[in-house]
Novice: 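For reference, the structure I am asking about is given below.
Start at 1 with the first residue, then count along the sequence.
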Amino acid sequence: MTAPVDVCNWALLRLGQARVSSIDPPFTTDPAGIAATCSFLYPLVRDAELRAHAWTFAKARVQIAAEIDAPEFGYAHKYRKPADFARLVAAPDDAGQEADLLPEGEFILSDLPAPLDCVYVRTGVDASEFDPLFTAALSCSLALNLAEKITTSPAKKESIDKDYGRIVSQAKLTNSIEQPAQKPPEDDFVLVRR
C-alpha cells in the first residue's frame with residue numbers, strides 16, 4: 001500500500017537524495033529541512049496532478065441539486081461544486097450527449113435541469129487509492145518541485161521532466177487517464193445538407 005512518504009521518497013531517490021522516515025509534523029530537528037518541505041509540497045502537488053488529467057482512479061459520480069437563485073445571465077441553473085472538486089469530466093444530457101457546462105468559481109453553470117449528473121475528478125485522494133502510474137507521475141512532479149532546494153543540475157531536472165512526460169503518455173495508453181471524447185468539427189458539407 002502506497003503512503004505519502006513513499007511518494008516523497010521516490011521523488012528524493014530521483015534526485016539522488018537520502019530517504020526520509022516521515023513527512024508528518026512536528027519537525028523539531030530540522031523545521032526547514034527536506035521532510036518539512038515534502039510535507040508542505042505533497043498535498044499541493046498531488047492536487048495539481050489530479051487537476052491536470054482525468055485520472056480514472058480519482059473520478060466520482062454525483063447528482064447535484066440546483067441552487068435556488070439562477071446565474072445572472074447565460075445559463076438557466078447553477079450547481080455548487082462538490083467540496084473535493086478538482087476538475088469536471090462530464091455531465092451528459094438526457095440523450096447521452098455532452099452538455100454545455102461552465103465551471104465558474106464555486107459553481108457549475110448549465111441549462112440542464114436538476115439534479116445535475118456530474119462526473120468529476122476529486123482532490124485529496126488518499127495515497128492508498130493511487131494508480132501506480134499516478135504515483136510515478138506524482139513522484140516526478142514532486143522531484144521537479146524539490147529540485148530547486150536540492151540540486152542545481154539542469155540535466156537532472158530535464159531528465160525528470162522527460163520521465164514525467166513518458167509516464168503520462170503511458171498512463172494515457174493504459175487508460176489510467178481517460179480522455180474525454182472530442183466532438184469533431186462540423187463539416188461545411190454536412191451543415192449544407194441539413
Side-chain angles (χ1 to χ4, degrees), residues 2-4 6-8 10-11 38-67 70-146 160-161 163-185:
T2 304
D6 298 327
V7 180
C8 291
W10 194 356
C38 286
S39 179
F40 169 74
L41 284 175
Y42 176 81
L44 301 173
V45 175
R46 175 202 59 206
D47 287 351
E49 283 301 312
L50 287 167
R51 175 137 171 76
H53 305 285
W55 293 93
T56 55
F57 75 90
K59 287 182 183 177
R61 293 175 178 267
V62 67
Q63 288 189 321
I64 308 171
E67 295 289 307
E72 292 293 320
F73 59 88
Y75 291 90
H77 304 285
K78 67 180 180 182
Y79 301 91
R80 186 170 300 279
K81 292 177 184 174
D84 60 351
F85 184 92
R87 134 187 214 152
L88 184 65
V89 176
D93 63 15
D94 291 336
Q97 300 298 313
E98 199 59 35
D100 181 24
L101 304 167
L102 177 64
E104 184 175 272
E106 298 175 45
F107 301 100
I108 299 169
L109 308 182
S110 177
D111 288 328
L112 290 176
L116 179 68
D117 293 335
C118 179
V119 180
Y120 69 100
V121 175
R122 302 172 288 142
T123 60
V125 178
D126 187 80
S128 64
E129 298 180 52
F130 290 173
D131 179 282
L133 290 171
F134 177 79
T135 303
L138 179 55
S139 73
C140 286
S141 193
L142 270 168
L144 288 170
N145 280 275
L146 288 165
I160 294 168
D161 196 35
D163 284 349
Y164 175 80
R166 183 183 48 77
I167 291 163
V168 169
S169 293
Q170 183 62 43
K172 288 177 182 177
L173 284 173
T174 62
N175 290 330
S176 295
I177 297 174
E178 186 80 23
Q179 295 298 322
Q182 301 294 318
K183 291 182 183 177

Novice: Can you check whether H77 reaches L116 side chain to side chain, under 4.5 Å on heavy atoms?
Specialist: no
Novice: Minimum heavy-atom separation for C38 to C8, with atom names?
Specialist: CB-SG, 3.7 Å
Novice: With ring pair (Phe, Tyr, Trp, His ring centres under 6.0 Å) as the rule and sequence neighbours excluded, what pairs involving residues 110-131 come up?
Specialist: F57-F130, F85-Y120, F130-F134
Novice: Please name the pair of heavy atoms, one in Y79 and one in P113, separated by the smallest distance, quoted to 0.1 Å.
Specialist: OH-C, 3.2 Å
Novice: Might you point out which heavy atoms bring L142 and A11 nearest each other, and give the distance in Å?
Specialist: CB-CB, 3.7 Å
Novice: For Q63, check side-chain hydrogen bond (donor to acceptor under 3.5 Å, both in side chains) against everything at least two apart and list the hits.
Specialist: D117
Novice: Kindly write out the residues that satisfy salt bridge (Lys or Arg N to Asp or Glu O under 4.0 Å) with E106, not counting sequence neighbours, or none if the list is empty.
Specialist: R80
Novice: Looking at residues at least two apart in the chain, or sitting in another chain, which of them share a side chain to side chain contact (heavy atoms under 4.5 Å, CB included) with A3?
Specialist: V5, D6
Novice: Can you sort out the partners of A171 under side chain to side chain contact (heavy atoms under 4.5 Å, CB included), two or more places apart, ordered by chain and number?
Specialist: W55, L133, S176, I177
Novice: Can you tell me how far apart CG (L44) and OG1 (T123) are? Round to the nearest 0.5 Å.
Specialist: 11.5 Å
Novice: Closest approach of S139 and A136, non-hydrogen atoms and distance?
Specialist: OG-O, 2.8 Å
Novice: Report yes or no: does S141 contribute a side-chain atom to a donor-acceptor pair with the main-chain N or O of A137 at less than 3.5 Å?
Specialist: no
Novice: Within the distance-only criterion (no hydrogens, no angle test), does the side chain of R87 pair as donor or acceptor with the backbone N or O of A52 below 3.5 angstrom?
Specialist: yes
Novice: Any idea which heavy atoms bring C140 and I167 closest together, and the distance?
Specialist: SG-CD1, 3.7 Å
Novice: Can you sort out the partners of K78 under salt bridge (Lys or Arg N to Asp or Glu O under 4.0 Å), two or more places apart, ordered by chain and number?
Specialist: D69
Novice: Evaluate R46 against L138 for side chain to side chain contact (heavy atoms under 4.5 Å, CB included), listing each step before the verdict.
Specialist: CA-CA 6 Å; R46 175 202 59 206; L138 179 55; 4.2 Å; yes
Novice: Going by the rule side-chain hydrogen bond (donor to acceptor under 3.5 Å, both in side chains), which residues pair with D47 if we only count those two or more places apart in sequence or in a different chain?
Specialist: none
Novice: Counting C-beta onward and ignoring hydrogens, is there a side-chain heavy-atom pair between K81 and I108 closer than 4.5 Å?
Specialist: yes
Novice: For R122, enumerate each residue passing the salt bridge (Lys or Arg N to Asp or Glu O under 4.0 Å) test, keeping only those at least two apart in sequence or located in another chain.
Specialist: E129
Novice: Got a sec, which residues hit salt bridge (Lys or Arg N to Asp or Glu O under 4.0 Å) with D131, two or more places apart in sequence or on another chain?
Specialist: none
Novice: Please enumerate all residues that pass side-chain hydrogen bond (donor to acceptor under 3.5 Å, both in side chains) together with S39, with sequence neighbours excluded.
Specialist: none
Novice: Determine the minimum heavy-atom distance between D111 and G74, stating which atoms define it.
Specialist: OD1-O, 4.2 Å
Novice: With sequence neighbours left out, write down each residue that passes side-chain hydrogen bond (donor to acceptor under 3.5 Å, both in side chains) with Y164, or none if nothing qualifies.
Specialist: E49
Novice: Excluding sequence neighbours, so at least two apart, what forms side chain to side chain contact (heavy atoms under 4.5 Å, CB included) with L102?
Specialist: Y75, E104, L109
